[in-house]
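Each remark here refers to the structure printed beneath this line.
Numbers restart at 1 for each chain; the letters A, B, ... are given by sequence-line order, proteins then strands. Predicted, not measured: the structure shown is a model, and the values here were computed from it.
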Amino acid sequence: MEKKYTPLEIEKRLSTFWEKKGFFHASVDREKQPFSIILPPPNANGAMHLGHAMFVYEDIMIRYQKMQGKQVFWLLGLDHAGIETQFVFEKHLKKQGKSRFDYDRDTLYQMIWDFVMQNKHVIRGQMRQLGFSLDWTKEKFTLDENVVAVVYQTFQDLFDRQLVYRAHRLVNYCTHCGTSFSDIEVADKENEGLLYYLKYPLKTGGFITVATTRPETLYGDVAVMVHPQDKRYLHLIGERVILPLIHKEIPIIANEHVDRKFGTGAVKATPAHDFEDFAVAQTHKLSYPVIIGFDGKMQNTGVVDGLRVNAAREETLKKLDALHLVDKIQPHKLVIKVCYRCGRTLEPLPKEQWYIKIRPLADQAKRLITAGQISVYPKRFTKQLIRIFDDFIDWNISRQVVWGIRIPAYFCASQKKWFVSQKPPSKCQICAGQDAKQDEDTFDTWFSSAQWPFATLQTISPEFYQYYYPTSVMETGYEILRPWVARMIMIGYFSTKQVPFRKVFLHGMVRDKQGVKMSKSKGNVIDPLKMVALYGADALRAALIFGTKEGNDTVLPEDKIVGMRNFANKIWNIGRYIKSSQKSKIKSQKLDSTNLKILQQLQKEQKQLEKKYHTEMGKYHFAKALELIYQFLWHQLADYYIEQLKEAIRSGKIEALSALKKAYLENLKMLHPYMPFVTEAVWQVFHGEDKSIIENSIS
RNA sequence: GACUGCUUAGCUCAGUUGGCUAGAGCGUCACAUUGACAUUGUGAAGGUCGGGGGUUCAAGUCCCUCAGCAGUCACCA
C-alpha cells in the first residue's frame with residue numbers, strides 16, 4: 001500500500017469495476033423489498049454544479065439500502081428543459097452572430113438536439129466521477145419517444161376529463177424570449193419607478209386625474225374606475241371621459257377594489273395589459289383593445305405605433321405634457337414582473353393557451369399529504385407544501401418555444417373546436433375534413449417533469465413499474481417544491497391513482513462564504529469536478545454532508561473538503577497499519593488482563609456505534625451518522641485503540657490485531673455509502689481486487 | 001403584510017422528546033514525534049447559546065416579546 005491514499009486513479013478503476021460488476025443494475029426480485037429513487041433529471045444544457053453534487057444524499061440512501069439487503073434502483077434521467085435549454089442555446093448562437101430567427105423550426109430543433117446529446121454525455125461522465133451508483137443501463141430522457149407517448153396519454157386523459165382547457169386570457173409574456181410563462185416562473189424585481197398623475201378630460205368639462213405607472217397604455221384604456229363609496233367621485237360615476245390624444249370616449253365606473261388612498265383614488269383600466277383590469281373588463285363586459293404586440297412594440301394606437309414600450313411612454317408623456325395634461329410625477333417604488341431567464345420586463349398580453357384546471361388535483365394532493373401518504377422531511381416543509389396546494393392556480397402549460405414536446409392538440413377551423421390526438425390524425429376528428437391544424441406550441445417542461453416517476457418506470461417495463469412504483473424517496477432541493485414536487489404529486493396521483501413517492505427528502509442550497517447562493521452569473525461557483533480532481537470524490541461527498549443539518553443551506557469552504565480528504569487518508573492508513581502488521585510474525589500468546597479489557601471495551605463500543613448508526617440512518621440524519629463513524633474511526637479506533645494495542649501487536653498477539661481488523665472492516669461498511677471509493681479500495685486490499693464491499697451487509 | 005427558518009467558540013455549523021463540567025470541523029497557541037498516517041499525535045486557550053421577560057427543581061432546548069438576517073407567498077393602479 002502507498003503511504004498516501006491517491007484518489008485519482010483508484011476512483012477511476014473502481015467506477016469501472018462497479019459498473020462492470022453491475023451491482024446497481026436494477027431488476028425485479030420479488031423475494032426482496034424494493035427501494036427506488038428517481039434522480040431529479042439534470043437539465044441537459046450544461047455541466048454539473050454543486051447543486052447536482054447534493055444528489056450524494058441519494059447515493060448514500062441507495063448504497064445503504066443495498067447493503068441492507070434491499071433491491072435498489074436509482075434511475076438516471078435527463079431533462080430537455082425546454083425554455084432553459086433554448087435560452088442557453090440561443091446564447092451560443094449569439095456568440096456566432098446568429099439567432100433563432102435564422103433557422104426554421106425543424107433545423108433549430110435538430111441543432112438543439114445535437115447540443116443536448118453532447119451535454120448528456122458530459123453529465124454522465126461527471127456523475128460517474130462522483131461515484132453515483134445509478135443504473136447506467138436504463139437512462140431516460142424526457143424526449144424519449146415512449147416517454148412522450150406517456151405525456152401525450154396524460155394530456156389526453158386530462159382533456160377527456162375536462163381538466164385541461166383552452167382559454168383566452170392574459171399571460172406573462174417575455175417579448176425577448178418569445179414565450180409565455182406560468183405564474184410560478186415569473187420573477188419579481190423591485191424598481192424605483194415613477195407614478196404619473198394624468199388629467200383625463202371629462203365630456204361635461206373639467207378633468208378627472210388618474211395615477212398610473214404606465215402612461216403608454218392610455219391607448220388601451222376602456223374605463224376610469226373609482227371606489228363606489230368615494231364621495232369625491234360619486235357624482236361622476238356614469239359620466240364619460242374623453243381619452244386625450246385619441247379622443248375616445250370611455251365611462252367612469254365604480255369598482256370596490258379601488259384603493260381610495262392610492263394616488264387620486266381614480267384608476268384607469270387597461271384590460272388587455274393588466275391582470276386586474278382584465279378581470280374588471282370581464283365583469284363589466286368591457287372590450288380589451290390590444291395595443292402592445294408580442295414583439296413588444298406598440299400597435300393600434302394611431303399615435304405611437306411601432307415604438308417599444310419605454311419609448312412609447314416618453315413619447316406619450318411628451319404629447320400629454322404639451323396639452324398640459326400631466327399633473328405631477330412622483331417617485332414610486334414598484335415591483336415589476338420580469339422574465340426569470342433574461343431578466344427583462346414581462347408584458348401581460350392576451351393569448352389563447354392551454355390550462356390545467358388545478359383545483360381538483362390540488363385538493364386531492366393536499367389530502368394525500370394530510371393523510372400522511374407522503375411524508376416530508378424535514379418536517380417543516382409539510383406546511384409549506386400544503387400552502388402551495390391551497391394557493392395553486394390554473395396552470396398555463398403552453399410555451400411558444402421550439403425545444404420541447406409539441407402539444408398534440410388540433411384545431412378544426414370549420415367548427416372552431418379543438419381535439420386531442422396522440423398520433424397525427426388522418427382526418428379532423430370534429431368535422432372529418434382535412435383542415436385540422438396542430439397547435440404550434442410545446443408543453444411547459446414541468447408538464448413532462450411532473451410525470452417523471454411514472455413516465456420513466458412505465459416505459460422501462462410493466463414489471464418495473466409495478467415493482468418499483470410508488471418510489472421510495474424523492475430527494476431534491478427545497479427550491480423546487482412548488483414547480484416540481486407539488487406538480488408530481490398532483491399529476492402522479494391523477495394518472496396512477498397512487499402517490500409517486502412515499503417520502504420527500506429535501507436538501508438545502510450550497511452557498512458561498514458570504515452566504516450567497518452560488519450561481520454562474522455571480523461567478524461564485526465552486527466547480528465540483530475541480531474539487532474531485534484535487535481532493536477526491538469521497539472528500540467532496542463527505543464535506544457536503546459533514547456537520548450539516550438536512551434541509552438547511554450549507555456553506556462549503558475548501559478547508560472542509562481538505563479536512564475530509566485527510567479523513568480519507570486516515571482511513572487508508574489505518575488499513576495500511578493493519579495490513580502491514582499482518583505480515584509480521586504471529587505468535588499466539590495470551591493477552592494480559594489490561595489488553596483483554598481494552599478489547600472488550602472495543603467490542604462494546606463497536607456494538608453501541610452500530611446501533612446508533614442505524615438509528616440515525618433510519619431517521620435520515622445522515623450528517624449525524626457520518627459524524628459517529630468519523631469520531632469513532634479517527635479518535636477512538638486510531639488514536640486510542642491502536643495506540644493502546646500497538647505494543648501487544650508488535651509482539652505478535654494475533655487476537656489484538658484481529659479484533660482491530662474486525663472493528664475496522666465493520667466501520668468501513670458503515671462509511672461506504674458516504675465515501676465509497678476509499679472504503680472499497682481498502683476493502684479490496686484485504687479481500688482481493690475481485691471482491692467488493694458492496695456485496696456485504698452492514699451489521 | 002402572512003408564513004417558515006436562522007441568530008451557539010475567531011470562521012462554518014451540530015445540539016433529536018428540556019436533564020450531569022454546551023460539542024464538531026477548520027483556525028489559534030504549546031509540546032511531541034519520523035515507529036500506519038505531517039493529509040500526524042497529545043494538550044490548551046476560546047462561548048453571559050441575538051436582547052428582554054416568563055414557565056420549571058432544571059431552558060441553548062418550551063412560551064411571550066423585541067431586534068437583525070434569509071426564504072416563500074400575497075399586495076403593489
Exercise. Is A:Glu276 touching bases, backbone alone, or none of the nucleic acid, heavy atoms closer than 4.0 Å?
Worked result: sugar-phosphate
For this session: Please work out if A:Asp553 contacts a base, only the sugar-phosphate, or nothing of the nucleic acid, heavy-atom cut-off 4.0 Å.
Result: nothing
Problem set entry | A:Asp221 with A:Lys268: basic N within carboxylate O range, under 4.0 Å | yes
Seminar exercise, completed: Side-chain contact check for A:Val555: nearest option of B:rU12, B:rC73, B:rU4 is B:rU12
Problem set entry | Note: A:Lys12-A:Glu9 ion pair, threshold 4.0 Å (strictly below) | no
For this session: Can you label the angle between the A:Trp634 ring and the A:Phe567 ring as parallel, tilted or perpendicular, going by 30° and 60°?
Result: parallel
For this session: Would you kindly give the CG-to-P distance between A:Asp188 and B:rU72, to the nearest whole Å?
Result: 10 Å
Problem set entry | P spacing across the pair B:rG51 / B:rC11, given as an integer number of angstrom | 15 Å
Exercise. How far, in whole Å, is B:rG60 from B:rG52 if one measures between their P atoms?
Worked result: 13 Å
Exercise. Are A:Arg214 and A:Glu347 ion-paired here, with the side-chain N under 4.0 Å from a carboxylate O?
Worked result: yes
For this session: Compare side-chain N and O positions of A:Arg565 against OP1 and OP2 of B:rU39 and report whether any pair is under 4.0 Å apart.
Result: no
Problem set entry | Between B:rG35 and B:rC29 - P atom distance, rounded Å | 27 Å
For this session: Write down the distance separating the C1' atoms in B:rA9 and B:rG15, rounded off to the nearest Å.
Result: 14 Å
Problem set entry | Closest nucleotide among B:rG25, B:rG71, B:rA36 to the A:Tyr478 side chain | B:rG71
Problem set entry | Distance between C1' atoms of B:rG18 and B:rC49 (Å, rounded) | 15 Å
Exercise. So, does the side chain of A:Lys4 form a donor-acceptor pair with the base of B:rA36 at under 3.5 Å?
Worked result: no
For this session: First locate atom CD1 of A:Ile374, then atom NZ of A:Lys503, and finally report the distance between them rounded to the nearest 0.5 Å.
Result: 11.5 Å
For this session: For B:rU55 versus B:rC64, give the span between their P atoms, rounded off to a whole number of Å.
Result: 15 Å
For this session: Give a yes or no on whether the ring-centroid distance for A:Tyr57 and A:Phe505 is below 6.0 angstrom.
Result: yes
For this session: Just compare B:rU42, B:rC73, B:rA77 and give me whichever is closest to any side-chain atom of A:Asp639.
Result: B:rU42
Problem set entry | Between B:rC37 (C1') and A:Asn573 (CG): distance, integer Å | 3 Å
Exercise. A:Tyr620 and A:Phe622: aromatic ring centres closer than 6.0 Å?
Worked result: yes
Problem set entry | A:Leu506 CG - B:rU4 C1' separation (whole Å) | 13 Å
For this session: Check step by step if salt bridge (Lys or Arg N to Asp or Glu O under 4.0 Å) holds for A:Lys319 and A:Glu216.
Result: CA-CA 11 Å; A:Lys319 287 184 191 299; A:Glu216 76 280 7; over 6 Å; no
For this session: Compare side-chain N and O positions of A:Arg387 against OP1 and OP2 of B:rU4 and report whether any pair is under 4.0 Å apart.
Result: no
Exercise. Think A:Asn552 has a side-chain N or O under 4.0 angstrom from the OP1 or OP2 of B:rG71?
Worked result: no
Exercise. When the distance from CG of A:Asp390 to P of B:rA2 is rounded to whole Å, what number comes out?
Worked result: 18 Å
For this session: Check every strand shown and say whether A:Ile574 touches a base, only sugar-phosphate, or nothing at a heavy-atom separation below 4.0 Å.
Result: base
For this session: Between B:rC6 and B:rA45, how far apart are the P atoms? Round to whole Å, please.
Result: 31 Å
Exercise. NA contact type, A:Lys619, heavy-atom cut-off 4.0 Å: base, sugar-phosphate, or nothing?
Worked result: base
Any protein N or O atoms within reach of nucleotides 26-28 of chain B? Criterion: under 3.5 Å, listing atom names and distances.
{"from": "B:rC26", "atom 1": "O2'", "to": "A:Asp559", "atom 2": "OD2", "distance (Å)": "3.2"}

Exercise. Starting at the 5' end of RNA chain B and moving along, which residue's nearest nucleotide shows up first, A:Gln631 or A:Ile642?
Worked result: A:Gln631
Exercise. Does a side-chain N or O from A:His635 land closer than 4.0 Å to OP1 or OP2 of B:rG25, or not?
Worked result: yes
For this session: May I ask you to establish whether A:Lys328 and A:Tyr197 are in a cation-pi arrangement, using a distance under 6.0 Å from NZ or CZ to the six-membered ring centre and at most 45° from the ring axis?
Result: yes
Exercise. Contact class for A:Val258 vs. all strands (heavy atom < 4.0 Å): base, sugar-phosphate, or nothing?
Worked result: base
Seminar exercise, completed: From the candidates B:rG41, B:rA77, B:rG25, the one with an atom nearest any side-chain atom of A:Asp274 is B:rA77
Problem set entry | Pi-cation contact, A:Tyr577 with A:Lys646 (under 6.0 Å, within 45°) | yes
Exercise. Can you check the A:Ile393 CD1 to B:rC73 P distance for me, whole Å?
Worked result: 12 Å
For this session: Fit a plane to each ring of A:Phe262 and A:His332, take the angle between them on a 0 to 90° scale, and name the class: parallel (under 30°), tilted (30 to 60°) or perpendicular (over 60°).
Result: perpendicular
Exercise. Nearest to the side chain of A:Leu195 - B:rC37, B:rG41, B:rA77?
Worked result: B:rA77
For this session: Identify all stems in which RNA chain B takes part, counting only runs of at least 3 consecutive pairs (Watson-Crick or G-U wobble, each distance under 3.5 Å), and give each as one range with another, ordered by first number.
Result: B:1-7 with B:67-73, B:10-13 with B:23-26, B:28-32 with B:40-44, B:50-54 with B:62-66
Problem set entry | Interatomic distance at P, B:rG27 relative to B:rG41, whole Å | 12 Å
Seminar exercise, completed: To the nearest angstrom, the CG-C1' distance between A:Leu194 and B:rC76 comes to 15 Å
Exercise. Just how far, in rounded Å, is C1' of B:rA24 from CZ of A:Phe622?
Worked result: 20 Å
For this session: Would you mind reading off the distance between A:Glu558 atom CD and B:rC11 atom C1', rounded to a whole angstrom?
Result: 16 Å
Exercise. Which nucleotide in the set B:rA24, B:rC73, B:rA36 lies at the smallest distance from any side-chain heavy atom of A:Phe546?
Worked result: B:rA24
Problem set entry | Under-3.5 Å donor-acceptor pair between A:Glu2 side chain and B:rA36 base | no
Exercise. Which part of the nucleic acid, if any, lies within reach of A:Lys3 when heavy atoms closer than 4.0 Å are counted: base, sugar-phosphate only, or nothing?
Worked result: sugar-phosphate
Exercise. Checking all strands, does A:Ala543 fall into the base, sugar-phosphate, or nothing category for heavy-atom contacts under 4.0 angstrom?
Worked result: nothing
Exercise. Can you tell which of B:rU16, B:rC13, B:rG71 lies closest to the side chain of A:His621?
Worked result: B:rU16
Exercise. Would you say a side-chain N or O of A:Lys549 is under 4.0 Å from OP1 or OP2 of B:rG15?
Worked result: yes
